[in-house]
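Both counts, for ligands and for their atoms, begin at 1 and track the order of listing. Remember, predicted model here, so these are calculated numbers, not experimental data.
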Amino acid sequence: MSWEHIESYSYWVLFVVTFLGVAVWESFRPKRRLSAPPERRWGKHALVLAVSTIISVGLYRVSPIVVAMYFAGSRYGLLNKPWLPLVVRCILTVLLLDLVKYATHRGFHSLSWLWRVHQVHHSDPDFDVSTAGRVHPIEVILTQGAYFVVIAVFAPPVAGVLAAELLSAFQSFFGHANASLPAWAEIPVRHVFVTPDMHRIHHSEEVVEQFRNYGDIFPWWDRLFQSYLGAPAAGQERMKVGLKGYQNDASLGVGFMLTQPFLRERKEQSSPVARAEQGV
Ligand SMILES: [Zn+2]
């Protein structure tokens with residue numbers, strides 16, 4: 001079986017199993033009451049995910065594995081040196097690609113024009129497993145592009161790239177669960193992986209909390225670069241998620257989600273940087 005077959009097979013199996021697992025978990029043990037029924041949210045977010053995936057795949061026509069295979073023999077890559085054990089190179093690859101996700105996510109919050117795109121993800125008035133699919137096509141294209149560039153430059157091992165992809169796919173659904181780990185598990189797990197309680201803080205309506213917890217797979221980058229926040233000011237049950245001014249049904253429209261970056265910005269919803277400068 002080729003690497004491409006292993007990639008697509010393992011990715012889609014993990015995608016379906018993780019989605020169903022988290023969906024069942026949050027159905028039986030929901031952390032917070034949703035303002036719109038899940039069946040309405042899931043259908044709309046699935047449509048946005050499908051549009052983003054079709055556009056991104058249609059544009060690039062390659063997967064991270066294919067890019068990694070193409071550059072495997074690069075003379076300039078730092079992660080294809082045979083004197084470094086494969087397992088070490090794989091671990092470094094997962095860490096590097098997770099750091100890229102952290103950096104691009106932070107960039108989406110720091111630059112006004114990137115925030116216009118990323119706010120589609122944050123304008124979800126609720127937070128559940130389907131929020132993971134609510135990502136604008138431009139964000140998918142830019143994030144994937146940064147990923148490809150880093151793979152091309154560092155020439156990491158294919159197995160490491162696959163491991164990073166699978167971990168990220170798992171975290172995407174797990175991190176957006178409308179559920180919490182049991183109290184005894186939350187702290188130890190949070191030392192290693194981003195948990196739903198940790199990522200939910202990033203979706204807070206409070207801008208200062210949106211500037212926290214950017215991490216995708218590991219929480220270490222947030223701790224290292226001092227963007228970690230352990231708990232929201234209002235508490236997990238009472239905190240508001242989403243963006244001010246978008247707590248309504250219209251925020252769930254597929255047309256709205258795809259056009260939001262191009263709409264005139266509402267005053268109260270100007271970029272996080274502008275708002276932080278104003279002390280809001
Ligand atoms: Zn964000």
Side-chain angles (χ1 to χ4, degrees), residues 32 41 45 48-49 52 56 97-147 168-169 171-178 190 193-234 236 239-247 251-252 256-258 260-261 265-266 268-276 280:
R32 298 154 52 89
R41 298 171 42 70
H45 290 159
V48 172
L49 175 64
S52 292
S56 175
L97 293 178
D98 191 48
L99 177 59
V100 171
K101 285 274 176 80
Y102 172 88
T104 48
H105 189 185
R106 199 159 174 167
F108 274 107
H109 279 264
S110 304
L111 300 171
S112 294
W113 66 278
L114 287 177
W115 168 249
R116 291 186 74 92
V117 175
H118 185 57
Q119 67 177 332
V120 174
H121 182 61
H122 280 267
S123 61
D124 186 352
D126 287 306
F127 178 93
D128 74 354
V129 64
S130 74
T131 308
R134 185 185 170 115
V135 181
H136 195 274
I138 296 175
E139 178 170 343
V140 176
I141 289 167
L142 293 175
T143 308
Q144 193 77 330
Y147 216 68
S168 184
Q171 275 296 130
S172 176
F173 288 135
F174 172 69
H176 287 97
N178 178 29
R190 201 189 280 199
F193 293 110
V194 172
T195 64
D197 277 9
M198 181 182 162
H199 189 63
R200 192 178 300 107
I201 299 168
H202 177 71
H203 280 258
S204 167
E205 202 184 63
E206 298 302 324
V207 175
V208 71
E209 292 178 344
Q210 288 167 19
F211 281 124
R212 296 288 178 261
N213 301 358
Y214 298 103
D216 183 39
I217 301 172
F218 306 118
W220 307 323
W221 312 119
D222 279 302
R223 292 182 185 269
L224 186 64
F225 299 113
Q226 301 185 342
S227 53
Y228 176 76
L229 182 65
Q236 286 284 353
M239 68 177 276
K240 285 189 178 169
V241 299
L243 296 179
K244 285 183 179 137
Y246 292 93
Q247 301 288 5
S251 300
L252 282 179
F256 167 77
M257 287 186 257
L258 294 176
Q260 192 183 7
E265 252 179 321
R266 296 180 196 177
E268 71 272 20
Q269 219 36 80
S270 57
S271 79
V273 173
R275 296 178 68 195
V280 179

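The minimum heavy-atom distance between Ser123 and Ser251, with the atom names listed, is O-CB, 3.7 Å.
Protein N, O or S atom count below 2.8 Å of the Zn ion (ligand 1): the structure gives 5.
Residues Phe225 and Tyr214 place their aromatic rings such that the two centres sit no closer than 6.0 Å. Aromatic rings of Phe256 and Tyr246 (six-membered ring for Trp) have centroids within the 6.0 Å cut-off, being under it.
To the nearest 0.5 angstrom, Arg223 atom CZ is 9.0 Å from Asn213 atom CG.
Side-chain contact between Thr143 and Lys101 is present, with at least one heavy-atom pair separated by less than 4.5 Å.
In this structure His121 satisfies the ring-ring contact (aromatic ring centres under 6.0 Å, His included) test together with His118, His176, His203, sequence neighbours excluded.
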